[in-house]
Amino acid sequence: MKKVFFILVLTVLGQSCTFNQKPEFVGIDSVSVKEASANAITLLAEARFNNKNDLGGTLLTDEIKVYVDGIYLATVSSEAFDVPAKDNFIVPLVVNLPLSELFKEDKGNLFGAILNQVLNKKMKVEFKGNITYRLAGFSYDYAVDHSQEITIQ
């Protein structure tokens, strides 16, 4: 009798939770300059998702590289993000662009290019890489390829 009750409870619980698809990656929006100082420029972007499932999971953003005017400068630094169940949500992407990188010799003419962009107060920022979704041994990568021209104020 206990086995039948246990199987019945598992069946009811299994049918009440929906997990028929991974969260939907809507895209990256609102790339903006959060802070600009003599040492660094901090960018903030929003990765938008829609999760229609009863289960959450985790999103990892460690594999997103940031390019300024086609030149690699940094990697997104964000903590693992807990995915809420049945919700639209935003994962904040924070990028710190250290200005000390501009002076390294191996970057070629990067300093001149960035200086020109700062004087014009515009630069093209590109996010390329993957956002990884994980749930109980299941893993899926969302490809990110977003570019946007931003204004430095």
Side-chain angles (χ1 to χ4, degrees), residues 14-153:
Q15 290 178 354
S16 66
C17 292
T18 58
F19 185 75
N20 53 4
Q21 58 188 2
K22 64 192 177 306
E24 176 189 1
F25 176 54
V26 177
I28 293 184
D29 286 336
S30 305
V31 179
S32 63
V33 176
K34 180 180 177 184
E35 183 180 343
S37 69
N39 298 327
I41 297 173
T42 303
L43 301 178
L44 181 62
E46 298 176 344
R48 296 186 178 274
F49 286 86
N50 180 14
N51 185 13
K52 297 177 183 177
N53 301 308
D54 289 327
L55 301 174
T58 304
L59 288 172
L60 305 169
T61 60
D62 297 339
E63 296 182 28
I64 300 176
K65 296 185 184 313
V66 180
Y67 298 83
V68 175
D69 293 329
I71 301 169
Y72 169 73
L73 271 188
T75 301
V76 171
S77 60
S78 295
E79 295 182 18
F81 184 86
D82 291 329
V83 175
K86 291 197 175 223
D87 197 7
N88 293 326
F89 61 96
I90 295 170
V91 178
L93 304 175
V94 180
V95 183
N96 191 20
L97 303 174
L99 295 182
S100 62
E101 290 293 312
L102 300 177
F103 296 106
K104 289 188 176 179
E105 290 182 28
D106 62 342
K107 296 291 184 186
N109 195 20
L110 179 62
F111 179 69
I114 297 297
L115 183 60
N116 184 38
Q117 297 305 323
V118 170
L119 292 175
N120 291 329
K121 296 193 176 195
K122 292 185 180 184
M123 66 174 131
K124 182 180 176 186
V125 178
E126 298 174 89
F127 292 84
K128 294 183 179 185
N130 293 315
I131 296 176
T132 303
Y133 171 69
R134 290 194 181 153
L135 175 64
F138 170 76
S139 178
Y140 180 79
D141 287 335
Y142 299 96
V144 174
D145 189 1
H146 176 81
S147 64
Q148 182 174 333
E149 190 172 274
I150 62 170
T151 302
I152 300 172
Q153 298 177 355

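The first residue of the sequence shown is numbered 1, and numbering continues consecutively from there.
Counting only heavy atoms from C-beta outward, the side chains of Val91 and Ile131 never approach each other to under 4.5 Å. Using a 4.5 Å heavy-atom cutoff, the side chains of Leu73 and Val66 are not in contact. A heavy-atom distance below 4.5 Å is found between the side chains of Pro23 and Tyr142. The closest side-chain heavy-atom distance from Val31 to His146 is below 4.5 Å.
Nearest heavy atoms, Ala45 versus Phe127: CB-CZ, 3.9 Å. Across all non-hydrogen atoms, the minimal contact from Thr75 to Asp62 is CG2-O, 3.4 Å. Nearest approach of Phe81 to Pro92, heavy atoms of both residues: CE1-CD, 4.3 Å. The heavy-atom pair separating Ala80 from Thr58 by the smallest distance is CB-CG2, 3.7 Å. Between Arg134 and Leu60, the closest heavy-atom pair is NH1-CD1, 3.3 Å.
Between the CD atom in Glu79 and the CG atom in Leu59 there is a gap of 13.5 Å [rounded to 0.5 Å]. Leu44 CG to Asn96 CG: the interatomic distance, rounded to the nearest 0.5 Å, is 12.0 Å. A distance of 10.5 Å separates CG of Asn51 from CD of Glu24, quoted to the nearest 0.5 Å.
Phe89 and Phe49 have their aromatic ring centers within a separation under 6.0 angstrom.
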